[in-house]
J.: 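Let me give you the structure first, and then I'll get to my questions.
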Amino acid sequence: TPEGEELFDHVAPACEELFVGEELLSRSYGLQGDTIRIGASETTLHYFLLPYLEQFRAAYPHIRLKISNTTTPAALHALREHAIDFAVIIAPVADDSIEIHELLEIRDIFIAGPQFSQLKDTPLHLSDLNAYPIVSMEPGTGTREHLEHIFASFGCHLTPDIELATTDLITPMVSHNLGIGFVPYSFAESSLINGSVFQLNIVDPIPRRSICIAVNKEFPLSVAAGKMVGLLGVT
């Protein structure tokens, strides 16, 4: 009825807040049967998170782990919307509503394949890389934003020839001589050891990034989520 619609418009926001509060209370009672919702970027899953998830599952087998493998910007959006309990992402992050706990530093490097052997051990500036094809993450990812910021800080414009959805595809592309790639060292380590790629000697300083836990200041963690965050090293 029109009267019912008018009443609904007034009470819907209050009901929504009550439902959120009810969920928070029910999830804070204990660990049995709880669910932890984690947002994680591809890099943090590969580089850091997986062994901790294994440890947590062994210690608390009755707690469900709901992992959303997504980009850092998307994970932060989900955190603001309270669609996840916390995110394991790559810093830096600039957002006053998000509390950041840095855990581990990441070293990013530029790599190339055998076809670019003339660049081996040659001191290079970022501006020099514009003469070569670049293999990069696609727009909208934290790694792409970071790389664009690095290039811009040295007065360069990043124009990749190949854009990929996942970091683990960059090293194989580079090893097949499709361009110069930018990856965390761990993603290229085995290929560096077997010689299918080599690290470029970039003389311009490359800012380091950190793996961090991000939590929403407005929503307290459940008991279970707090246990997981504690296992990751946040007290």
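Note: hydrogens, waters and symmetry copies are ignored here, and every other heavy atom, side chains too, is used.
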J.: Is there side-chain contact between F110 and N201, with heavy atoms separated by less than 4.5 Å?
T.: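 No, every pair of side-chain atoms sits at 4.5 Å or beyond.
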J.: Are any of the side-chain nitrogens in R144 or E163 under 4.0 Å away from the carboxylate oxygens of its partner?
T.: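 Answer for the salt bridge query: yes.
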J.: Give the minimum heavy-atom separation between H46 and F187, together with the two atoms involved.
T.: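 That closest heavy-atom pairing would be CB-CZ, 3.5 Å.
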J.: Taking the side chain as every heavy atom from C-beta outward, state whether L232 and F48 have any atom pair closer than 4.5 Å.
T.: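 Answer yes - side chains close enough.
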J.: Show the nearest heavy-atom pair for residues A225 and S222, with the distance to one decimal.
T.: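 Of all heavy-atom pairs spanning A225 and S222, the closest is N-OG, 3.1 Å.
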J.: If you compare all heavy atoms of A188 against all heavy atoms of V183, which two are closest, and at what distance to 0.1 Å?
T.: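 The answer is CB-CG2, 3.9 Å.
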J.: Going by heavy atoms in the side chains, are K66 and I38 under 4.5 Å from each other?
T.: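 Side chain of K66 against side chain of I38, heavy atoms only: no contact under 4.5 Å found.
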J.: Considering only heavy atoms from C-beta outward, does the side chain of H157 approach that of F151 to under 4.5 Å?
T.: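 No, their side chains stay 4.5 Å or more apart.
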J.: Any pair with a residue in residues 103-122 that passes side chain to side chain donor-acceptor pair (under 3.5 Å), sequence neighbours left out, goes on the list, sorted by first then second residue, please.
T.: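 Sorted result for residues 103-122: E105-R208, D108-R209.
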J.: Measure the shortest side-chain to side-chain distance between H146 and F182 over non-hydrogen atoms and say whether it is less than 4.5 angstrom.
T.: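 H146 reaches F182 side chain to side chain.
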J.: Does a side-chain heavy-atom distance below 4.5 Å link I36 with F86?
T.: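 They are in contact (side-chain heavy atoms under 4.5 Å apart), so the answer is yes.
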J.: Compare every heavy atom of I98 with every heavy atom of A214, then report the nearest pair and how far apart it is.
T.: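 For A214 versus I98, the nearest heavy atoms are CB-CG2, 3.6 Å.
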J.: Which heavy-atom pair separates P184 from T167 by the least distance, and what is that distance?
T.: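 So the minimum-distance heavy-atom pair works out to CD-CG2, 3.9 Å.
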J.: Please tabulate, for side-chain N and O atoms in residues 131-140, each donor-acceptor pair with protein atoms closer than 3.5 Å (sequence neighbours left out).
T.:
none

J.: Got a sec, which pairs hit ring-ring contact (aromatic ring centres under 6.0 Å, His included) with one end in residues 194-215, sequence neighbours left out?
T.: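 Residue pairs with at least one partner in residues 194-215: there are none.
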J.: Is there a side-chain contact between I211 and Y47 (heavy atoms, below 4.5 Å)?
T.: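 Touching, per the 4.5 Å side-chain cut-off.
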J.: Tell me the closest heavy-atom pair linking T72 and S41, and the distance in Å.
T.: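 Result for this residue pair: OG1-CB, 3.9 Å.
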